[in-house]
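Report on the structure given below.
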2 protein chains.
Amino acid sequence: MADRTRPATIADVAARAGVSQASVSRVLNGKQNVDPAIATRVHAAVAALGYTPSIAARSLVHGRNDTVAMVVPDLENPLFQGILKGLSLAAAADGYRVLVADTAEQADEEPAIAREARHRCDAIVLCAPRMPAPQLRALAPLLAPAVVVNRSLDDPAVPTVGVDYARGMRDLVDHLAGLGHTRLVYLAGPDASSSQGERMRGLRDAVTAHPGVTVDALPCGSRLDDGHRAADAVATAVRAGATAVIAFNDLVALGLMPRLVELGLRIPDDVSVAGFDDVPLARYATPPLTSMSVPRSELGAQVWSRLRALIAGEASEHALLFRPRLEHRTSTAPPSEARRTAGVREAAAAASASAPATATASATAELGVGA
Amino acid sequence: MADRTRPATIADVAARAGVSQASVSRVLNGKQNVDPAIATRVHAAVAALGYTPSIAARSLVHGRNDTVAMVVPDLENPLFQGILKGLSLAAAADGYRVLVADTAEQADEEPAIAREARHRCDAIVLCAPRMPAPQLRALAPLLAPAVVVNRSLDDPAVPTVGVDYARGMRDLVDHLAGLGHTRLVYLAGPDASSSQGERMRGLRDAVTAHPGVTVDALPCGSRLDDGHRAADAVATAVRAGATAVIAFNDLVALGLMPRLVELGLRIPDDVSVAGFDDVPLARYATPPLTSMSVPRSELGAQVWSRLRALIAGEASEHALLFRPRLEHRTSTAPPSEARRTAGVREAAAAASASAPATATASATAELGVGA
DNA sequence: CTGTTAGCGCTTTCAG
DNA sequence: CTGAAAGCGCTAACAG
């Protein structure tokens with residue numbers, strides 16, 4: 001039937017149906033009023049030839065290709081995955097597809113990758129937590145239509161969909177303080193990460209609001225391994241009187257907890273642990289991990305909503321910020337009375353048995369009110 | 001300088017450089033020998049105009065757009081993510097980008113989604129574990145160039161990159177049998193999943209090879225929740241004498257373990273638990289989860305290697321199958337002597353205290369030699 | 001209502 | 001070695 005050597009073109013269909021290409025185009029795009037008889041013949045020809053319009057040709061004419069790009073630093077991060085999924089599904093509902101560009105954490109390559117990806121698509125979603133703010137501020141407008149996700153940007157022309165990390169941290173500290181914790185440890189994320197900065201801000205606000213509470217920041221990272229490696233330092237801090245740990249995110253918390261247990265600490269009896277992001281596994285951790293829930297998919301969906309508006313030529317909407325929600329689980333509880341009141345703890349003794357005594361105080365930074 | 005209203009075209013560059021479009025094209029594509037003087041002027045014009053070739057126009061002429069599609073049933077599955085990441089990175093190294101098409105588990109929509117995605121790209125990667133084999137066998141060739149990942153397909157024209165799930169299961173049972181376990185429980189994945197079928201095959205082989213060993217298959221699923229929900233049934237089986245559980249994958253195992261502990265069972269003292277895939281979190285689970293490691297990124301990289309060959313017009317390579325590697329961790333250990341020899345167990349009593357006595361025997365299927 | 005005619009921006013013969 | 005011209009496949013005026 002159909003000639004399998006060369007994909008059928010609109011000309012083939014027109015010839016076969018005995019009409020002009022314009023008519024075929026009209027029929028296929030439901031334009032104007034077309035004689036039903038012609039429509040029938042066109043459809044028949046299309047079916048017989050197995051014709052499908054060339055995306056490339058159509059893109060050239062229309063100047064768009066119904067595809068949007070999303071650059072992500074790491075496809076394996078649950079947060080970015082969720083955003084991508086939400087975006088992908090929402091965009092698909094409008095006939096758009098998503099092109100992914102994993103920058104493999106190469107922050108310096110991001111601008112180039114973003115431009116290239118944008119060039120192939122009608123719009124772009126920037127997820128670049130590590131990119132210096134000035135650089136992002138300069139880059140984003142050049143990529144328009146673009147929306148920035150997971151961080152803020154002071155440019156009304158570039159919509160933003162983010163998470164109020166500062167507020168989330170503040171709420172988390174409120175939670176811990178409410179339980180009676182006064183000496184907290186924070187396992188910090190990558191210095192370059194924008195959300196890390198926002199978290200620190202939230203922490204400072206919290207410390208100001210809770211005069212009796214202190215938070216020591218320990219350098220850590222954003223992944224499972226980082227959390228695992230930070231366990232010794234945390235144990236040391238606990239021995240020195242800390243009763244709760246806030247991890248940069250759930251991955252860090254999840255990597256941290258088992259090692260803490262290995263070091264002889266009980267969670268939450270000896271130390272409470274909280275994460276951030278509320279990844280699916282958090283509720284199934286041992287013990288179930290208290291976390292600040294972030295609506296990953298919804299972030300992606302909202303990104304699409306803004307991107308679509310931009311593509312349609314509408315003015316950019318207001319910045320959107322989701323407030324994380326506390327998911328209180330077993331990993332956080334009031335400090336034991338002994339730990340709460342005394343300077344010396346039973347648990348500390350247990351911990352010191354297996355934990356190295358290496359002091360990491362030099363890397364520690366206590367958050368002052370104005371710090 | 002550059003006119004910001006309309007993107008510069010090759011004609012603009014040609015005019016500005018005072019040469020023909022053909023020359024511009026030649027310079028930009030490094031074709032033939034071009035007069036250095038002309039090249040210089042072209043480059044200057046390009047820079048001045050901020051010119052970038054139109055991807056759409058180029059695609060129309062070349063008949064390709066340096067993009068490949070990948071359809072996945074669920075972007076949140078760690079296995080698929082890993083494959084996507086590996087593919088994305090490998091493809092990027094050759095100047096290709098990846099378009100993702102999440103089918104949101106709508107197996108019946110897959111063919112349509114796949115065709116649509118393929119139509120926008122030069123090739124496609126099919127990850128469709130739930131699609132009936134006959135349907136896939138019929139579809140894949142129509143999508144060529146295409147490669148199927150994570151399952152096999154009996155078509156020499158369609159390359160395949162998969163995981164030897166049967167062998168993995170076999171090896172896992174060997175491991176468990178070697179530890180002394182004889183009564184195993186298998187938490188089965190979705191019936192429609194091809195890898196579920198392969199796992200069952202491996203299980204049957206194993207049972208045949210180990211005369212004293214039996215495996216009871218319990219319907220379960222492929223996600224955290226599924227594992228969590230299956231805990232009661234597992235506890236019942238343990239009370240009835242089972243000493244080890246093999247989960248369809250790590251997600252299931254990770255969801256299962258905490259609930260098992262809640263029900264009063266100790267892992268691995270009362271019951272050993274093993275997963276499959278070796279997701280990053282497995283090693284940080286409580287207890288660390290024994291799993292069959294699958295090279296996720298490598299799968300993606302190999303997929304790209306095959307796809308690239310196909311795009312280049314080379315003959316399709318032989319099917320590739322990775323053999324999972326055992327990662328023996330704490331969650332599997334020899335059964336306690338008491339459990340191993342006696343028909344009655346101490347742990348069972350503990351378990352029965354909190355676990356409902358509901359029998360799930362009706363949903364159970366023991367694997368016979370020829371089953 | 002339908003056919004004709006220009007392009008969309010780029011590459012590529014084919015002359016010169 | 002370079003320019004002119006012919007498309008790639010499709011859509012969108014513009015006439016009829």
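Both backbone and side-chain heavy atoms feed into the values below; hydrogens, waters and symmetry mates do not. Order of the sequence lines sets the chain letters (A, B, ...), proteins ahead of strands, with each chain counted from 1.
- Nearest heavy-atom pair across K85(A) and D102(B) is NZ-OD2, 3.1 Å.
- Counting 5' to 3', DNA chain D first comes under 4.0 angstrom of a heavy atom of chain B and last does so at the ends given by dC1(D) to dG9(D).
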Would R120(A) and T67(B) satisfy side-chain hydrogen bond (donor to acceptor under 3.5 Å, both in side chains), going step by step from the backbone distance to the final call?
-> CA-CA 9 Å; R120(A) 297 180 185 239; T67(B) 302; 3.2 Å; yes
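- To the nearest angstrom, C1' of dC10(C) lies 14 Å from CG of D66(B).
- Going from atom NZ of K31(B) over to atom P of dC10(C) covers 14 Å, rounded to whole Å.
- Side chain of D155(A) to backbone of A157(A): a donor-acceptor contact under 3.5 angstrom is found.
- Set against dG3(C), dC1(C), dT12(C), the side chain of R26(A) has dG3(C) as its closest nucleotide.
- Distance CD1 (I55(A)) to P (dC8(C)): 21 Å, rounded to an integer number of Å.
- Nearer the 5' end of DNA chain D, as judged by each residue's closest nucleotide, is the contact made by P36(B), out of A11(A) and P36(B).
- Rounded to whole Å, the distance from OH on Y51(B) to C1' on dT11(C) is 10 Å.
- The structure places CG of D12(A) at 5.5 Å from CG of L49(A), a figure rounded to the nearest 0.5 Å.
- Side chains of Q106(A) and E110(A): no donor on one and acceptor on the other come within 3.5 Å.
- Counting to the nearest Å, the C1' atom of dG9(C) and the CG atom of N65(B) are 16 Å from each other.
- Minimum heavy-atom separation, R118(A) to A144(A): NH2-O, 3.0 Å.
- dG7(C) atom C1' lies 13 Å from atom CD of Q21(B), rounded to whole Å.
- Rounded to whole Å, atom P of dT12(C) lies 7 Å from atom CG of N29(B).
- In terms of modelled atom types and a separation under 3.5 Å, the side chain of D122(B) and the main chain of N65(B) share a donor-acceptor contact.
- At a threshold of 4.0 angstrom between heavy atoms, the contacts of V24(B) with the nucleic acid are absent.
- OP1 and OP2 of dG9(C) both lie 4.0 Å or more from every side-chain N or O belonging to S54(B).
- If you take CZ of R64(B) and P of dT11(C), they are 11 Å apart, rounded to a whole angstrom.
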